[in-house]
Amino acid sequence: MATSSQSSVELGSHEVKYYICNACEDQNNVETSADFYCKQCERFYCGNCIHLHGQLFAKHNSIGRVDIDKWPVSKKVVDFLQTCDVHKKHKIDQFCNLHKQLCCPQCVSDQHSQCSKVTQISELTNSQPTGLEGLSVELETVLGEIKTLQISQKASIQSLQRTYKEHSAVMIEQMRGNLNTYIDECDNNSVGTSGGNEQYLKEEMCRSVLSIVNEFDNITAKELNEMKDEVISIKGSVTSSIHKCTTLHNDLSQFHELVQKIGDNKELCLIASIKCKHIIQQALTLLGKSGKAFNVQQKSVHNVRIPCDSVTCDISGICVLPDGQVLVADFENKRFKLLSQQYQVVSHWDVNAYPRAICLITPSEVAVAVNDHDSKIHEVQFITVNQGKLVSGRKFQLQHECRGIAHQNGDLFVTSGKELYKYTLSGKLICRLYQDRSGDLTVLKCAVSPTGDRLYITSYWQHKLLTLARDGTLLATYTDPALEFPRGLHVTPAGQVLVCGDYSSTVQQMGWEGQSKLTTLATQEDGVRRPESVCYCSTTSSIIVGQWDDNILVFRVE
């Protein structure tokens with residue numbers, strides 16, 4: 001419904017003036033926003049036409065926008081609700097129970113003629129509640145969460161830009177430091193020299209300075225360009241998400257106003273309720289709060305062993321690129337493998353420590369956690385996938401063990417086995433978010449919700465899944481005998497939480513709150529053996545499970 005300051009609204013791609021002046025429409029065929037409603041005439045008038053109306057009907061009671069809540073539902077609102085979104089010339093009059101869709105006669109003819117139960121809207125009003133009070137409260141709640149997400153996303157963009165500038169300044173300062181150190185050394189060495197020796201030292205100094213500058217150009221500039229590309233890519237993704245938030249916020253806002261005006265028209269209430277719930281579900285998916293449980297349709301097994309592997313492949317991490325290619329971490333063989341969309345190994349890249357986990361940074365780049373306790377190698381390394389090949393990028397050292405890694409809008413979350421840390425993409429430590437030193441592997445693998453407001457941790461020996469708030473506050477603890485020694489962990493773009501029980505050989509889906517299990521997706525009977533990692537592929541709607549037996553399992557879901 002229009003407010004006192006806004007007479008037209010945008011719902012999706014449809015701009016609708018809820019209240020238009022009937023006099024302007026009749027006389028000039030022009031849609032002018034109405035400012036008054038006459039109860040006796042049951043017509044709407046703009047500011048100009050209400051003066052003429054007042055002269056002709058002085059005793060009529062006109063209600064202005066100040067009391068807009070007393071206006072009846074307009075024909076525009078009725079038309080908007082009843083018009084089919086697909087077939088604009090048809091009115092919605094039926095509902096398909098199988099697909100949970102509102103239908104016009106053309107929809108039924110084109111797509112739902114074989115559906116078992118398509119019911120007239122008029123019949124549904126007798127069997128289903130049509131009150132909108134609860135829906136109005138739900139709309140208010142979701143509106144608030146969408147607004148909070150928008151604010152968080154804008155802050156992420158600012159943080160990304162700040163990270164790049166800070167890292168650039170550090171790199172330049174390092175080069176200056178190297179130059180100053182070398183110049184100081186030259187000054188000290190040149191004391192007491194003269195003649196030909198002095199000339200030689202000057203030439204040597206020039207060559208060394210040029211070498212330092214070239215090293216900066218060749219290495220540091222490459223690193224800065226790499227990070228700049230990351231920032232641009234992530235910023236584009238976040239900006240796109242902000243646009244989706246804005247669109248959904250507008251739709252939700254207008255429906256929130258609209259449901260206040262429908263009154264007791266049961267058919268309109270039912271249609272509005274179904275349309276609202278559809279938009280709310282879209283918003284919940286964007287918020288990472290999808291409650292949809294996956295249903296496994298079929299399974300396939302794929303061997304990822306290659307001739308140069310010396311021992312059994314132990315798939316400790318999985319990451320799916322947007323184009324459907326899959327990157328896996330082979331722990332025992334100390335290498336990463338790129339799989340085609342058909343899950344065939346097409347490229348590999350060896351590392352000098354044990355690869356623990358992988359997370360997506362941009363559509364073509366991942367960050368990997370590598371760790372070797374004995375050699376004291378604790379690193380985050382970046383790998384780019386370029387034309388079917390793995391290309392190594394920059395890396396940074398950590399002062400602690402590196403066992404799990406997750407990324408969200410420029411923030412890196414890294415686990416040490418007992419702590420969860422937050423880093424920037426440049427490797428700057430922001431803070432320690434969580435710590436549990438009561439035992440070993442209390443903070444093993446980590447995952448982050450799509451909006452970044454929830455973090456998930458597997459506590460291995462304690463058989464727990466922990467859910468944390470953005471600031472590290474513990475929100476929920478989940479235990480289950482069927483989730484023994486939880487290891488692999490992943491959150492889908494819609495917020496569905498997947499977790500593997502290592503010794504129990506299970507793959508479970510949790511609710512986004514981290515408090516309850518939605519379903520068990522696979523067990524030992526389905527071929528699950530010591531699952532180490534798990535990831536969801538949106539491209540193929542599949543759940544990929546990495547194991548300690550040379551194989552990955554692929555479960556097609558819906």
Side-chain angles (χ1 to χ4, degrees), residues 311-318 329-332 353-359 368-378 398-406 413-422 432-448 454-469 472-491 497-511 513-517 520-524 528-535 545-549:
V311 292
T312 301
C313 303
D314 182 1
I315 309 304
S316 55
I318 301 176
D330 185 344
F331 180 83
E332 293 292 348
Y354 296 102
R356 300 281 184 172
I358 320 173
C359 66
V368 300
V370 296
N371 192 81
D372 190 326
H373 178 76
D374 295 335
S375 302
K376 299 189 182 304
I377 297 175
H378 320 303
L398 305 177
Q399 299 302 311
H400 56 76
E401 301 276 326
C402 185
R403 295 182 174 273
I405 190 167
F413 302 93
V414 181
T415 61
S416 68
K418 295 183 179 181
E419 298 94 3
L420 172 67
Y421 295 94
K422 180 179 176 180
R432 183 180 64 198
L433 285 168
Y434 181 78
Q435 176 179 270
D436 183 351
R437 292 184 168 273
S438 63
D440 292 330
L441 304 184
T442 52
V443 185
L444 181 55
K445 293 295 181 72
C446 65
V448 59
R454 291 175 306 283
L455 296 152
Y456 304 92
I457 294 172
T458 52
S459 184
Y460 190 73
W461 295 106
Q462 289 72 26
H463 316 293
K464 295 177 181 178
L465 174 69
L466 308 179
T467 303
L468 311 178
T473 303
L474 182 63
L475 298 177
T477 301
Y478 176 80
T479 58
D480 183 351
L483 192 63
E484 192 177 10
F485 298 102
R487 184 184 292 270
L489 182 63
H490 177 71
V491 181
V497 182
L498 308 176
V499 60
C500 297
D502 187 1
Y503 280 30
S504 56
S505 295
T506 56
V507 181
Q508 295 187 6
Q509 179 184 345
M510 307 293 300
E513 305 96 331
Q515 297 176 332
S516 60
K517 177 178 69 178
T520 296
L521 295 165
T523 66
Q524 197 166 357
V528 178
R529 300 286 189 277
R530 299 289 305 274
E532 300 281 321
S533 53
V534 63
C535 192
V545 180
Q547 305 201 124
W548 188 63
D549 63 353

Report yes if some heavy atom in the side chain of His400 is under 4.5 Å from a heavy atom in the side chain of Tyr421; otherwise report no.
yes

Minimum heavy-atom separation for Val507 to Cys500, with atom names?
CG2-SG, 4.1 Å

Within this structure, what is the CG-CD distance for the pair Asp502 and Glu532, rounded to the nearest 0.5 Å?
5.0 Å

Side chains of Thr458 and Arg487, heavy atoms from C-beta outward: is any pair under 4.5 Å?
no

Determine, step by step, whether Val499 and Gln508 satisfy the side-chain contact (heavy atoms from CB on, under 4.5 Å) criterion, reporting the C-alpha distance in whole Å, the side-chain angles of both residues, the deciding distance to 0.1 Å, and the verdict.
CA-CA 5 Å; Val499 60; Gln508 295 187 6; 4.2 Å; yes

Would you please say whether a donor-acceptor pair under 3.5 Å links the side chains of Arg454 and Tyr456?
yes

Give the intermediate values and the outcome of side-chain contact (heavy atoms from CB on, under 4.5 Å) for residues Arg403 and Tyr460.
CA-CA 12 Å; Arg403 295 182 174 273; Tyr460 190 73; over 6 Å; no

Looking at every heavy atom in both Gly514 and Ala476, which two are closest together, and how far apart are they?
O-CB, 4.0 Å

Can you list the residues that meet the ring pair (Phe, Tyr, Trp, His ring centres under 6.0 Å) rule with His378, with sequence neighbours excluded?
none

Return the minimal non-hydrogen interatomic distance between Leu441 and Trp461, and the atom names on each side.
CD1-NE1, 3.6 Å

Tell me, with the steps shown, if Gln435 and Glu419 meet side-chain contact (heavy atoms from CB on, under 4.5 Å).
CA-CA 4 Å; Gln435 176 179 270; Glu419 298 94 3; 3.8 Å; yes

What's the verdict on side-chain contact (heavy atoms from CB on, under 4.5 Å) for Val528 and Thr523, showing C-alpha distance, side-chain angles and the deciding distance?
CA-CA 6 Å; Val528 178; Thr523 66; 5.9 Å; no

CA sep, side-chain torsions, deciding dist, call: Ser438, Asp436, side chain to side chain donor-acceptor pair (under 3.5 Å)
CA-CA 6 Å; Ser438 63; Asp436 183 351; 2.6 Å; yes

